[in-house]
Undergrad: 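What follows is a structure written as structure tokens; I'll ask about it next.
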Amino acid sequence: MDFSIKGCDWTKGETKGFATGKADCIVLGVFEAQTLSGAALDVDEATGGLVSRVVKAGDMDGKSGKTLFLHEVAGIGASRVLLVGLGKQDAFNQKAYRDAVRAAWRALLATRIAQVTFTLAQSLADDERGADWGVREAILALRGETYRFTAMKSKPEPVQYGLKRVVFTVDSDDVKPARDAIKRAVALANGMDLTRDLGNLPGSVCTPTYLANTAKTIAKDWKLKVDVLGLKQIEALKMGSFLSVTRGSVEPPQFIVLHYQGAAAKAAPVVLVGKGITFDTGGISLKPGEGMDEMKYDMCGAGSVLGTIRAVAEMGLKINVVGIIPTCENMPAGNATKPGDVVTSMKGLTIEVLNTDAEGRLILCDALTYAERFKPAAVIDIATLTGACIIALGHHNSGLFSKDDTLAGELLDASREANDPAWRLPLDDEYQEQLKSNFADVANIGGRPAGSVTAACFLSRFTDAYPWAHLDIAGTAWKSGAAKGATGRPVPLLAQFLIDRAGQ
Ligand code: BES
Ligand code: MN
Ligand code: ZN
């Protein structure tokens, strides 16, 4: 898809041949009051009042999400016009913009239209978010609409739509930021696509080795440094907790460390730690069969780390980022870890494994200890950690945990800016008591009450050396049901956090 920007100032009459420019279709917004402004007025004039006649006739009432194609339009450079309802002008906000944009793409993608002039980002003129935000949202929405996962289909359905080229019109002052927004949005969408693909692949394909090879490919493509540690090296590091999870699996575990260096070598990095369970059966504490296929998504934390680093590399952010991915399967077997077993973590803390299905925290805790060597500015772990997080927050917000108010605030700001919401949950010391063990330093589960909080409390025991936050993405990393598939979240949140940290 080719995206570009054209500056057009309606107020100054500087339309630079907008209406006569060659395109298959011009996309115009219409508010409910049916007043035409900017681009729509210009086109109306050039077409001898066609747009206002259609609106007056009542065929386009401007209601949010409504679309209407006008065909064989004369007087302008495009033969078609797509009118898009924007809703009430005084209630026009970011959500209304997104709804309108999605409706426009859906209508366009159902046709053979290839070249589009898209004017909706200009309806944001008075909004606190400028046209650059509008361009970014429009590109992300389009990439969301066109994403398809066909890797496992023998005969993938051919793509039906014709869309190839989109020209966004923005006010002349907004041209530069809007051009930058294209680059950023495309990089972000590419990162999200990678995260979605990795999540959607079956566990038999997306194994720990596959994740390691993906990290190596990213490193090669973007000239990054990558280290992949195998079983022998993981043993040498004494990651007894991580090793206890992989025991029952015949797939070799991998410990991936991917370095993006965009700032001076001595600048402290942000470390992203992603849970990479490529399939979670629960182990000896076996999960029930229903819906177990979705546990192929238990590596979505790892996938989001790879997607974010890919995005950040394409954006060329001036920041250092280290991605750490402990990855293995959680399988039952004759030699698998049993409930009641006590394991020794890399940090030296002993852990009583009361439930082998609480395995994410067991692989993450050793990765969090490993992270200390980078003297991080901040560490964020991302994990499909607890079913309890879905009960608490559903599928809209990721769970955010941190004792560091500044870091938590930065992440919440980024989540809002990126439209990738997160909600902060508590991490008070009182909850730590639920992790008491009669036989080891700590138990790996804290009972049913506040299951997501006690999981975060467990991780917190390994994070004294740096500012740390934990994102539980169990409810947000993928969708179930008819629309089953990975979402690419929380790559937008993480990328925005890094953009803000880089001061860019
Ligand atoms: N990967 C699961 C969490 C999960 C479950 C995410 C369902 C999304 C949907 C995790 O490893 C797990 O099994 N957690 C247990 C913890 C419990 C044993 C304390 C859970 O949530 O049931
Ligand atoms: Mn589990
Ligand atoms: Zn799991």
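Start at 1 and go down the list; that is how both ligands and their atoms are numbered. All residue numbers refer to positions in the sequence shown, counting from 1.
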Undergrad: Hey, is there an N, O or S on K275 sitting under 2.8 Å from the Zn ion (ligand 3)?
TA: yes
Undergrad: Counting only heavy atoms from other residues, nucleotides and ligands, does the tally under 6.0 Å from NZ of K287 exceed 12?
TA: yes
Undergrad: May I ask you to identify the nearest protein heavy atom to atom 6 (C) of ligand 1, giving residue, atom name and distance to one decimal place in Å?
TA: A474 CB, 3.6 Å
Undergrad: Would you list the pairs meeting side chain to side chain donor-acceptor pair (under 3.5 Å) in which at least one residue belongs to residues 196-211, sequence neighbours left out?
TA: Y147-D197, Y147-N200, N200-Y297
Undergrad: Salt bridge or not between E137 and K95? Use side-chain N to carboxylate O under 4.0 Å.
TA: no
Undergrad: Are more than 12 heavy atoms, taken from residues, nucleotides or ligands other than K403, located less than 6.0 Å from that residue's NZ atom?
TA: yes
Undergrad: Looking at the Zn ion (ligand 3), which N/O/S atom of E359 is the nearest one?
TA: OE2
Undergrad: Checking side-chain polar atoms at under 3.5 Å, does T281 have a donor or acceptor matched by the opposite partner on N330?
TA: no
Undergrad: Take the angle between the ring planes of H470 and W468 and call it parallel below 30°, perpendicular above 60°, tilted in between.
TA: parallel
Undergrad: According to salt bridge (Lys or Arg N to Asp or Glu O under 4.0 Å), who are the partners of R424, at least two apart in sequence or on a separate chain?
TA: D405
Undergrad: Looking at atom 16 (C) of ligand 1, what's its closest protein heavy atom, distance included?
TA: R361 NH2, 3.8 Å
Undergrad: Where is the tightest heavy-atom contact between K296 and L201, given as atom of each residue plus distance?
TA: CD-O, 3.6 Å
Undergrad: So which of K275, M295, E294, E359 gets nearest to atom 5 (C) of ligand 1, if we judge by its closest heavy atom?
TA: M295
Undergrad: Would you mind telling me if ligand 1 is within reach of the side chain of N330, the backbone, both or neither, using heavy atoms under 4.0 Å?
TA: neither
Undergrad: Could you check S285 against T356 for side chain to side chain donor-acceptor pair (under 3.5 Å), going step by step and ending with a plain yes or no?
TA: CA-CA 5 Å; S285 313; T356 63; 3.1 Å; yes
Undergrad: Assert yes or no for the condition that the ring centre distance of W105 to F118 is strictly below 6.0 Å.
TA: yes
Undergrad: Please name all residues satisfying salt bridge (Lys or Arg N to Asp or Glu O under 4.0 Å) with R489, sequence neighbours left out, ordered by chain then number.
TA: D420
Undergrad: Starting from atom 18 (C) of ligand 1, what is the nearest protein heavy atom, named by residue and atom, and what distance separates them?
TA: N355 ND2, 3.5 Å
Undergrad: Give the residue and atom name of whichever protein heavy atom lies nearest to atom 2 (C) of ligand 1, and the separation in Å to one decimal.
TA: D280 OD2, 3.6 Å
Undergrad: Give the residue and atom name of whichever protein heavy atom lies nearest to atom 19 (C) of ligand 1, and the separation in Å to one decimal.
TA: I445 CG2, 3.5 Å
Undergrad: Indicate yes or no: does an N/O atom of D357 lie under 3.5 Å from an N/O atom of ligand 1?
TA: yes
Undergrad: Report the atom name of the nearest N/O/S atom of D280 relative to the Zn ion (ligand 3).
TA: OD2
Undergrad: Can you list, by chain and residue number, the protein N, O or S atoms under 2.8 Å from the Mn ion (ligand 2)?
TA: D280 OD2, D357 O, D357 OD1, E359 OE1
Undergrad: Looking at atom 21 (O) of ligand 1, would you say a protein heavy atom lies below 4.0 Å from it?
TA: yes
Undergrad: Considering residues, nucleotides and ligands other than W222, do more than 12 of their heavy atoms fall under 6.0 Å from its CH2?
TA: yes
Undergrad: Is the Zn ion (ligand 3) under 2.8 Å from any N, O or S atom of D298?
TA: yes
Undergrad: Can you measure from OG (S480) to CD1 (I390) and round to the nearest 0.5 angstrom?
TA: 7.5 Å
Undergrad: What residue and atom, counting heavy atoms only, is the protein's closest point to atom 1 (N) of ligand 1, and at what distance?
TA: D298 OD1, 2.9 Å
Undergrad: When you measure from atom 10 (C) of ligand 1 to every protein heavy atom, which one gives the shortest distance, and what is it?
TA: L385 O, 3.3 Å
Undergrad: Quick one: does ligand 1 sit under 4.0 Å from the side chain of W478, the backbone, both or neither, non-hydrogen atoms only?
TA: side chain
Undergrad: Please determine whether any non-hydrogen atom of T454 lies less than 4.0 Å from an atom of ligand 1.
TA: no
Undergrad: Nearest to atom 4 (C) of ligand 1, what protein heavy atom do you find, and at what distance?
TA: G387 N, 3.8 Å
Undergrad: Short question: side chain of N444, backbone of A358 - any donor-acceptor pair under 3.5 Å?
TA: yes
